[in-house]
Amino acid sequence: MRPARIHMHYISTRGGVAPVGFADAVMMGLGTDGGLLVPEQLPEFSPETLRAWAELPFQALALEVIAPFVGDEIPRDDLAQLIERSYAGFSDPQVTPLREADGRTYLELFHGPTAAFKDVALQLLGNLFEYLLERDGGRLTILGATSGDTGSAAIYGVRGKPRIDIFILHPKGRVSPVQERQMTTVLDANVHNVAVRGTFDDCQHLVKSLFRDLPFKEQHQLGAVNSINWLRILAQTVYYFYAWGRLSGGDADHRVSFAVPTGNFGDVFAGYLARRMGLPIDRLIIATNSNDILTRFVASGVYAKAQVHHTLSPAMDIQVASNFERYLYFLMDEDPTTVSALLADLDEKGQLAVGADKLARVRQDFAAGAVSDTDTLAQIRRTFEASGYILCPHTAVGSAASADDPGAVVLATAHPAKFNEAVREAIGREAPPPPSLQGLMDKDARCADLDASDLGLREHIDRTLAANPTA
Ligand SMILES: *Cc1c(COP(=O)(O)O)cnc(C)c1O
């Protein structure tokens, strides 16, 4: 039996956005009140439905999971085609295959074009942007800053697409050579890389200042693809359903636990949502590196900002996890007033705290563990020596944080060859690169160098778009 089709509305975690439909929620990204968009109501999938889905190929399953969130805004056949196209470029026919190594199960999320899990959502987001802009008219200039993985996945999501330009800023000389080349070797006319002479913080400040300039934002239809876009979360719920189906054979009594390397709380929040929609998930283990704000929250109920540490798992070097607000919303029984008050605390005092009853709920929802660089390297070494399988450092954090629960499926968030410095340090050799990372150093590249000045960036964007008018 199919769940009843509902017309899905999205509201803000802070209560200041009138309900919008799916397309508006995706195009809006961040809520206009500064909150994050969430569905007014989650669909619930029955055990019979889940059993019927257990053997579906990834793409067919994605259609079933995503369609109720779209409602009747996009015809089902069109949605099916968008999904089909989004995963056609993945190098594994299963899209997100499971893999056993040293007694653990890994859910490999890195078979997309940039060899990290962000492709799973950003390939679909790019195609959806293209579809909606074509249907409704209009164009989009995506502007973002990256310290590594997100930039290339965003670029690959929209390269060559009409009606879209993308500007991605990275700190010059401060991203890994592989990551830099993954971005700058994309030569499509709508892709504009900018190396900023400064730090990642400088890049973020530049982006924020341009977004605050409302006339400029309006003129160029500026948009973002950061980790708070609702579609990114939604697309990431699919692989939890996929893994569960493969491991349970559709038996609703078979509960599966997941260990999730976590930075911005997007991936693990997707798992939380999947469970709320009825998926038999047992434990969800938040795995952090020494940037452990989430681990401390699960231990104490206090969410307190601290200094960012640089680690061997750089995609998780984050202190304030942007999707945490969505969890807070559900934890506070979907009450935007309480959420806003807690976030005001975080703003003013650098921390927020929840009461004992809520903390008990947090601990039912999540387990958490923080893993040092030393233990990350030890995990890469142990898994390699036992099985020959090479973990990326983020995945190793997930594996080490769930060592007491070897039945938990570890989300393998990146291909190890993207982080070969850590791999070499752990096992004295490098992971062989997948086809998507081969020959990067020999390809032509294009990138503009700019000082960290918002005036300079503004002029650069004006000039570039005037020279490359898109449809
Ligand atoms: C982005 C990223 C993460 C963190 O994911 P969040 O959704 O931000 O928690 C983990 N590992 C890799 C390789 C990443 O690129």
Side-chain angles (χ1 to χ4, degrees), residues 36 96 106-123 125 144-157 175-176 178-179 182-183 200 225-240 258-274 284-289 291-295 297 308 311-327 366 368 370-371 376 380 390-401 410-423 431 434 437:
L36 273 58
T96 61
Y106 293 92
L107 177 59
E108 292 188 342
L109 304 176
F110 52 72
H111 295 283
T114 75
F117 86 91
K118 292 183 173 75
D119 288 327
V120 177
L122 285 168
Q123 285 291 306
L125 185 60
T146 189
S147 59
D149 271 351
T150 313
S152 60
I155 287 170
Y156 272 82
V175 298
S176 82
V178 170
Q179 288 176 326
Q182 275 190 300
M183 296 189 280
F200 174 55
V225 289
N226 43 29
S227 69
I228 51 85
N229 192 295
W230 169 251
L231 185 87
R232 289 188 60 178
I233 304 292
L234 178 57
Q236 289 169 202
T237 63
V238 175
Y239 43 72
Y240 288 91
F258 292 91
V260 189
T262 302
N264 265 320
F265 204 72
D267 223 356
V268 72
F269 181 70
Y272 169 81
L273 278 185
L284 278 172
I285 302 162
I286 295 171
T288 63
N289 59 29
N291 296 287
D292 60 351
I293 183 167
L294 290 162
T295 308
F297 174 69
V308 176
T311 72
L312 294 173
S313 41
M316 293 155 39
D317 290 347
I318 286 165
Q319 270 299 337
V320 177
S322 40
N323 275 293
F324 181 70
E325 180 168 340
R326 283 196 168 106
Y327 173 61
F366 299 105
V371 177
T376 303
I380 296 174
I390 303 178
L391 303 177
C392 100
H394 309 80
T395 309
V397 166
S399 198
V410 181
L411 270 57
T413 53
H415 192 286
K418 283 194 92 166
F419 300 96
N420 258 331
E421 271 170 49
V423 169
L437 298 182

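Along the sequence shown, residues carry numbers from 1. First listed ligand is number 1; within each ligand, the first listed atom is number 1.
Within ligand 1, the atoms closer than 4.0 Å to a non-hydrogen atom of Ala315 are 2 (C), 12 (C), 14 (C), 15 (O), numbered from 1 in the order shown. Per-residue contacts place Ala414 under 4.0 angstrom from the following atoms of ligand 1 (heavy atoms of the residue considered): 13 (C). Applying the 4.0 Å criterion to heavy atoms of Thr262 picks out, from ligand 1, the atoms 9 (O). Heavy-atom proximity to Gly266, at under 4.0 Å, picks out these atoms of ligand 1: 6 (P), 7 (O), 9 (O). Heavy-atom proximity to Asp149, at under 4.0 Å, picks out these atoms of ligand 1: 13 (C), 14 (C), 15 (O).
Contact between Thr114 and Lys418 at its shortest, heavy atoms only, is O-NZ, 2.9 Å. Pro113 and Tyr156 make their closest contact through CB-CD2, 3.7 Å (heavy atoms, listed as atom of the first residue, atom of the second, distance).
Protein heavy atom closest to atom 12 (C) of ligand 1, with residue, atom name and distance, is Thr413 OG1, 3.5 Å. The closest protein non-hydrogen atom to atom 6 (P) of ligand 1 is Asn264 N, 3.5 Å. The protein non-hydrogen atom at the shortest distance from atom 5 (O) of ligand 1 is Phe117 CZ, 3.4 Å. The protein heavy atom nearest to atom 9 (O) of ligand 1 is Gly263 N, 2.7 Å.
Residues Met316 and Thr262 fail the side-chain proximity criterion, which asks for heavy atoms closer than 4.5 Å. Taking 4.5 Å as the limit, every side-chain heavy atom of Ile318 sits out of range of all side-chain heavy atoms of Val308.
By the criterion of a heavy-atom distance under 4.0 Å, both the backbone and the side chain of Asp267 are placed next to ligand 1. Counting heavy atoms under 4.0 Å from ligand 1, residue Phe265 touches it through the backbone alone.
Counting heavy atoms only, Lys118 comes closest to atom 2 (C) of ligand 1 of the residues Lys118, Met316, His394.
The aromatic rings of Phe265 and Tyr327 sit tilted relative to each other, their planes meeting at an angle between 30° and 60°.
Aromatic ring centres of Phe297 and Phe324: separated by under 6.0 Å.
Side-chain atoms of Thr295 and Thr288 include a donor-acceptor pair closer than 3.5 Å. Side-chain atoms of Asn323 and Tyr272 include no donor-acceptor pair closer than 3.5 Å.
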